[in-house]
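What follows is a short report on a single structure.
Hydrogens, waters and symmetry mates play no part in the numbers below; they use all other heavy atoms, side chains included. Lettering of chains follows the sequences in order, A, B, ..., and the numbering in each one begins at 1.
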Amino acid sequence: MGWVRTFRNNQFIALNDGSTNNNLQVVAPLGLLDDETLKRITTGASLKVNGELVKSLGKGQSVELKATSIEVLGDSDAEKFPLQPKKHSLEFLREIAHLRFRTNTFGAVFRVRHSLAYAVHKFFNDKGFVYLHTPIITSSDAEGAGEMFRVTTLPFDNPPRNEDGSINFKEDFFGKSTNLTVSGQLEGELAAMAFSDIYTFGPTFRAENSNTTRHLAEFWMIEPEMAFYDIEDNMNLAEEFIKYIIQYAMDNNRDDLEFLAQRLADEEKQLPQDKRSELGLIEKLEFVLKNAFERITYTEAIDILVNSAAYKKKKFQYDVKWGIDLQSEHERYLVEKHFKKPVIVTGYPAAIKAFYMRMNDDGKTVAAMDILAPGIGEIVGGSQREERYDKLIERMEDMNIPINEMQWYLDTRRFGSVPHAGFGLGFERMVQFVTGMTNIRDVIPFARTPKNCEF
RNA sequence: UCCUCAGUAGCUCAGUUGGUUAGAGCAUCUGACUGUUAAUCAGAGGGUCACUGGUUCAAGUCCAGUCUGAGGAGCCA
């Protein structure tokens, strides 16, 4: 059983059931089917075929199914079915995302995505981590990870108001203002203070008006949180984790990755020489598996940038000096030009990082780490958390975090606080990295981006 | 949100200096052929030129606005 990809010569049906990109060639002997049935075997139709698997007489395949009966399960009007046995643009396929699973490219992408998701659970389970389901709806607005989607049952045309005119959320469903989660980290920390090692893997929502090839309004994030880990342990785990799930896909999705590698190579033939990647997709993944990630401090990164030829020739649009947040162009230089492999940057200035990150002894930098990947940029953001109650309060005050609303979080530092660390990994960015797809909208089944919520 | 580019047949695109009935390849339909591999050959059908307004004797073409898409930036994962 499967769906028709092509039908040639009224005899040869390329049938696909989604398990692989390799089609089964079904041969319908002349005279087996009447004219009416033959006309119903169109691209996209679903068939149930019985027959004998025999050695193929043709060249394209080793075996084929010699049919003894063919039943059309579901017709597909050839005049209306939009997929053709030819190359379609990714932009067009995005508009028919409900059908694009039936193409070779998206078949491969989503089989790889599945494997990576499975590998995430396997990796953490094998290490004894507890999979924690953090809430999708939250009332916490303190994390500052981004703009949030409001969740409400209040009528938006005439909401209940307080005397001062502001909206009275006491009458809302939860009796307060609520939003979709932008991160499960804070809740994750609570659980890590009991289970030692936990991870989350779930949907995350950011209402940022970001229109790029690497941002989604709804995406999946993996956030492990480990008690008794310092920043070094954190980096080691993150590197091991990334390599593990890549290796899992290499071991279990070789055909699909080779197809995607070929697709990417064809795509890059259109580009000018200097924009093409030096390594093919498979070679890139093997290279990442074999080599240790480069580890540098933020201060070293700034030095490298300031001493680079690009900086001296004023190639950077943004100036480089200690204290700036690294711009995309700087990250790309470090990863793609200088080191040519994934880079972990640690020790960022406290002023540009979140309140929960642990202050280093120098009083200026925090124990943060970002993992930068070629072609994608930041794929992991993490840190050792500030476990010292007084220092945490100090930081929260400095950054205007509403301390009163965060008492539940501060309890972890009051009752048996321990050094701990964790990180967040954007799952779609990981899928992009492994599949070589350049647009993040093509590695999630139904992308949610500004001005787009189809299906 | 900002910058740049784009929107013409189901898809990918061409359309000259503003000038007659807007073209091609693929797909579809009809027929031929029958061991094909994105089959091949012959023929046919298929258009709100994104939308709104403007300039002009005349707009797919020029101008303005809007919408949508792509690439880059910012924000970030």
Side-chain angles (χ1 to χ4, degrees), chain A residues 5-14 22-31 38-39 42-44 54 56-61 64 66 76-96 99 103-104 143-147 182-185 203-223 238 271 275 316-318 325-332 352-354 370-373 376-382 423-433 438-444 447 449-452 454:
Chain A
R5 286 287 174 85
T6 64
F7 184 31
R8 286 181 291 271
N9 266 17
N10 274 359
Q11 246 189 116
F12 304 99
I13 305 165
N22 300 313
N23 300 321
L24 174 66
Q25 170 152 290
V26 173
V27 182
L30 293 173
L38 280 175
K39 284 208 164 63
T42 54
T43 304
V54 296
S56 180
L57 299 172
K59 284 198 182 119
Q61 56 283 316
E64 62 193 15
K66 196 170 175 190
S76 172
D77 184 343
E79 288 197 54
K80 293 184 181 141
F81 188 64
L83 292 173
Q84 303 158 17
K86 67 167 224 179
K87 202 171 157 58
H88 289 290
S89 68
L90 294 174
E91 290 85 359
F92 170 65
L93 292 171
R94 236 169 261 156
E95 290 170 13
I96 51 164
L99 295 171
T103 63
N104 285 334
E143 223 242 332
E147 289 297 310
V182 293
S183 163
Q185 181 201 315
T204 308
F205 307 87
R206 306 263 169 101
E208 302 284 352
N209 191 6
S210 295
N211 295 285
T212 76
T213 53
R214 54 193 187 285
H215 288 88
L216 292 165
E218 176 182 303
F219 64 101
W220 288 65
M221 188 154 63
I222 297 145
E223 294 178 291
L271 297 175
K275 293 233 170 140
F316 291 133
Q317 196 187 337
Y318 291 86
D325 209 351
L326 296 178
Q327 304 293 321
S328 302
E329 58 177 353
H330 306 142
E331 295 180 351
R332 268 210 308 278
I352 58 170
K353 287 289 182 182
D370 283 358
I371 301 183
L372 312 176
I376 315 271
E378 187 178 345
I379 195 164
V380 162
F423 60 86
L425 177 139
F427 186 57
E428 282 75 18
R429 289 190 183 171
M430 193 66 217
V431 181
Q432 275 188 282
F433 186 72
T438 49
N439 192 314
I440 200 166
R441 296 166 195 131
D442 294 328
V443 299
I444 189 166
T449 50
K451 302 277 185 283
N452 178 18
E454 290 299 310

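In this model, no donor atom of one side chain and acceptor atom of the other lie less than 3.5 Å apart for A:R206 and A:T204.
For B:rU48 and B:rC2, the P atoms lie 33 Å apart once the distance is rounded to whole Å. Taking atom P on both B:rC49 and B:rG7, the two are 15 Å apart, rounded to the nearest angstrom. Nucleotides B:rA14 and B:rU8 are separated by 10 Å at their P atoms, to the nearest Å. Spacing of C1' atoms, B:rU28 relative to B:rU68, comes out at 27 Å, to the nearest Å.
Taking atom CZ of A:R214 as the reference point, atom P of B:rG71 lies 11 Å away to the nearest angstrom. Between the CD atom of A:E428 and the P atom of B:rA77 there is a distance of 14 Å, given to the nearest Å. Taking atom CZ of residue A:F7 and atom P of nucleotide B:rA27, one finds them 16 Å apart after rounding to whole Å. Protein atom CZ of A:F12 is 14 Å distant from nucleotide atom C1' of B:rU40, rounded to whole Å. When rounded to the nearest whole Å, the span between CD1 of A:I444 and C1' of B:rA77 equals 12 Å. Distance CG (A:L90) to C1' (B:rU12): 13 Å, rounded to an integer number of Å. Counting to the nearest Å, the P atom of B:rC41 and the CG atom of A:N9 are 13 Å from each other. Atom CZ of A:R206 and atom P of B:rG74 are 17 Å apart (whole Å).
Contact annotation: A:R94 side-chain N/O to B:rA70 OP1/OP2 distance is under 4.0 Å. Between A:R441 and the phosphate of B:rG71, there is a side-chain N or O to OP1/OP2 separation shorter than 4.0 Å. Taking 4.0 angstrom as the limit, A:N104 places none of its side-chain polar atoms (N or O) nearer than this to OP1 or OP2 of B:rA38. Residue A:R8 places at least one side-chain N or O under 4.0 Å from the OP1 or OP2 atom of B:rA39. Taking 4.0 angstrom as the limit, A:Q327 places none of its side-chain polar atoms (N or O) nearer than this to OP1 or OP2 of B:rA73. For A:S183, no side-chain nitrogen or oxygen approaches OP1 or OP2 of B:rA77 to under 4.0 Å.
Projected onto RNA chain B by closest heavy-atom contact, A:S89 and A:L30 fall at different nucleotides, the more 5' of which corresponds to A:S89.
A:Q25 contributes a side-chain N or O that forms a donor-acceptor pair with the base of B:rU36 under 3.5 Å. Scanning atom types as modelled, one donor and one acceptor separated by under 3.5 angstrom connect the side chain of A:H215 and the base of B:rC76. For B:rC75, the base has a donor-acceptor partner in the side chain of A:S210 [N/O atoms by modelled type, under 3.5 angstrom]. Side-chain atoms of A:Q61 come within donor-acceptor range of the base of B:rU36, with a qualifying N/O pair under 3.5 Å.
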So which protein nitrogen or oxygen atoms get under 3.5 Å of nucleotides 2-6 of chain B's nitrogens or oxygens?
none

Item to check | side chain to side chain contact (heavy atoms under 4.5 Å, CB included) assessment of A:V26 paired with A:F12 | outcome: CA-CA 6 Å; A:V26 173; A:F12 304 99; over 6 Å; no
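With the 3.5 Å cutoff on both pairing distances, Watson-Crick and G-U pairs in RNA chain B assemble into runs of at least 3 at B:1-7 with B:67-73, B:10-13 with B:23-26, B:28-32 with B:40-44, B:50-54 with B:62-66.
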